[in-house]
Amino acid sequence: MQKYYKKWAPIFLAPLLLCFIVAFLVPFCMGILFAFTKYKTIRDFSFNGFDNFIAAFGTGSTFWHALGMTVAFVVVTVLLINVFALASAILLTKGLKGSSFFRSLFFMPNLIGGIVLGWIWNLILNGFLTALGTNLYANAQFGFWGLVLVTCWQQVGYMMVIYIAALMNVPVELTESAEIDGASKWQTIKSVTIPMIVPAITICTFLTLTNGFKLFDQNLALTGTSVPEDELIALDIYTTMFNNASGNMGPGQAKALVFFLIVACISGLQVFITRKKEVEA
């Protein structure tokens, strides 16, 4: 059997590997290269050392404000999405009437594209705020919390499905034993259920973390560039690359490279911590 796998595995893996190289590895390496160049197109460039980094992170740079907004957004959404998703999953695994319908209902927002979702909620929120004598662009906090609402509404259902799959694998004997020993429902969830679904928590935390950091389409559709204070880091990189008078996309590429390193470190730290919790559990 091992000889069979060794013979045919390279043939079946080759297309996937080729796609990975062409669609990810080559563009990624080119992005690192262009971060140190002044360029308008990939054929019109000249090396300029660290000038792009000085322009991107120097005086007057919007990067640090956008990064701060992104970190605040990620912290809020990771907590809210996972809390609501886990609570919904627990309720919908109790055998309540209509559970299947509500599972489908909660998952449906995840099927809507980010741009469409952002425009829909732009109309809803602006309609509500206009009735109060203001609008979505009048205050940066409106855009921030509107974006939190949109993101939670879209992603809670997806994470809920992952938590439901994990909860259904928790042995019933454990929860029944805890109840017989006099544990309350909260104590059972805290001491039995949650430790048993730590792998699912790891996955959902990682997904919500990375989704929050890379969020772009909802941000663009909800507030666009009308409120610079509401720009998350992905939209700030886009604005730096394509909405500058000089046409030089190098500073935007420098921001993207630094942002990638920051997210890679944070994601790696998160996975390390949660994996450690899995081992302890």
Side-chain angles (χ1 to χ4, degrees), residues 16-78 113-115 118 137 140 143-144 147 151 206-272:
L16 179 62
L17 181 61
L18 181 62
C19 290
F20 174 78
I21 293 172
V22 173
F24 176 79
L25 191 58
V26 172
F28 179 76
C29 294
M30 291 177 66
I32 296 175
L33 173 67
F34 285 128
F36 299 91
T37 65
K38 179 180 180 180
Y39 78 102
K40 296 182 180 180
T41 67
I42 59 174
R43 295 186 177 183
D44 179 18
F45 66 92
S46 59
F47 287 96
N48 61 356
F50 290 92
D51 290 352
N52 291 333
F53 294 89
I54 295 172
F57 307 111
T59 305
S61 171
T62 57
F63 178 85
W64 302 113
H65 174 77
L67 180 61
M69 287 290 292
T70 305
V71 171
F73 172 79
V74 168
V75 170
V76 173
T77 53
V78 166
I115 291 290
Y137 312 111
F144 177 84
L147 195 57
T151 305
F206 178 78
L207 290 175
T208 50
L209 186 74
T210 53
N211 288 340
F213 271 112
K214 70 180 184 181
L215 192 75
F216 171 77
D217 41 5
Q218 291 94 325
N219 192 191
L220 178 64
L222 190 68
T223 58
T225 57
S226 302
V227 188
E229 294 82 4
D230 282 338
E231 289 186 3
L232 301 184
I233 192 65
L235 183 57
D236 178 67
I237 292 171
Y238 168 85
T239 304
T240 303
M241 292 188 72
F242 299 105
N243 291 352
N244 64 83
S246 65
N248 177 25
M249 294 190 286
Q253 191 62 50
K255 285 185 177 183
L257 178 58
V258 172
F259 179 56
F260 166 78
L261 295 175
I262 292 173
V263 174
C265 292
I266 293 174
S267 300
L269 181 62
Q270 179 265 320
V271 171
F272 173 78

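All values below were derived from every heavy atom in this structure, side-chain atoms included, with hydrogens, water molecules and symmetry-related copies excluded.
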Phe45/Lys40 under side-chain contact (heavy atoms from CB on, under 4.5 Å): CA gap, chis, key distance, verdict: CA-CA 7 Å; Phe45 66 92; Lys40 296 182 180 180; over 6 Å; no
Evaluation steps, side-chain contact (heavy atoms from CB on, under 4.5 Å), between Tyr137 and Asp230: CA-CA 9 Å; Tyr137 312 111; Asp230 282 338; over 6 Å; no
side-chain contact (heavy atoms from CB on, under 4.5 Å) between Thr62 and Thr239, worked out: CA-CA 10 Å; Thr62 57; Thr239 304; over 6 Å; no
side-chain contact (heavy atoms from CB on, under 4.5 Å) assessment of Glu231 paired with Met69: CA-CA 8 Å; Glu231 289 186 3; Met69 287 290 292; over 6 Å; no
Residues Phe73, Phe213; criterion ring-ring contact (aromatic ring centres under 6.0 Å, His included); working and verdict: CA-CA 8 Å; Phe73 172 79; Phe213 271 112; 9.3 Å; no
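By the 4.5 Å heavy-atom criterion applied to side chains, Phe47 and Leu33 are counted as neighbours. Between Leu220 and Phe216, the closest side-chain pair of non-hydrogen atoms falls below 4.5 Å. Side chains of Val263 and Ile233 form no contact here, defined as non-hydrogen atoms less than 4.5 Å apart. A 4.5 Å side-chain heavy-atom check between Gln253 and Tyr39 finds at least one atom pair inside the cut-off.
The line from CZ of Phe36 to OG of Ser46 is 14.5 Å long, rounded to the nearest 0.5 Å. Here Leu25 contributes atom CG and Leu18 contributes atom CG; the two are 11.5 Å apart, rounded to the nearest 0.5 Å. To the nearest 0.5 Å, atoms CG (Asn248) and CG (Asn52) are separated by 5.5 Å. Atom OG1 of residue Thr151 and atom CD of residue Gln218 lie 5.5 Å apart, to the nearest 0.5 angstrom. In this structure, CG on Leu235 lies 4.5 Å from CG on Asn219, to the nearest 0.5 angstrom. Interatomic distance, Phe260 CZ to Lys214 NZ, rounded to the nearest 0.5 Å: 13.0 Å.
Listed here is the closest heavy atom pair of Leu209 and Val74: CD1-CG1, 3.4 Å. Here the closest heavy-atom approach between residue Ser267 and residue Phe206 is recorded as CB-CE1, 3.8 Å. Closest approach of Leu215 and Ala234 over heavy atoms only: O-CB, 3.4 Å.
For Asn211 (side chain) and Leu207 (main-chain N/O), a donor-acceptor pair under 3.5 Å exists by modelled atom type.
Here Asp51 does not pair with Lys38 in a salt bridge; the nearest charged N to carboxylate O distance is not below 4.0 Å.
Put simply, the residue from Phe53, Phe57, Phe259 that forms a ring pair (Phe, Tyr, Trp, His ring centres under 6.0 Å) with Phe63 is Phe57.
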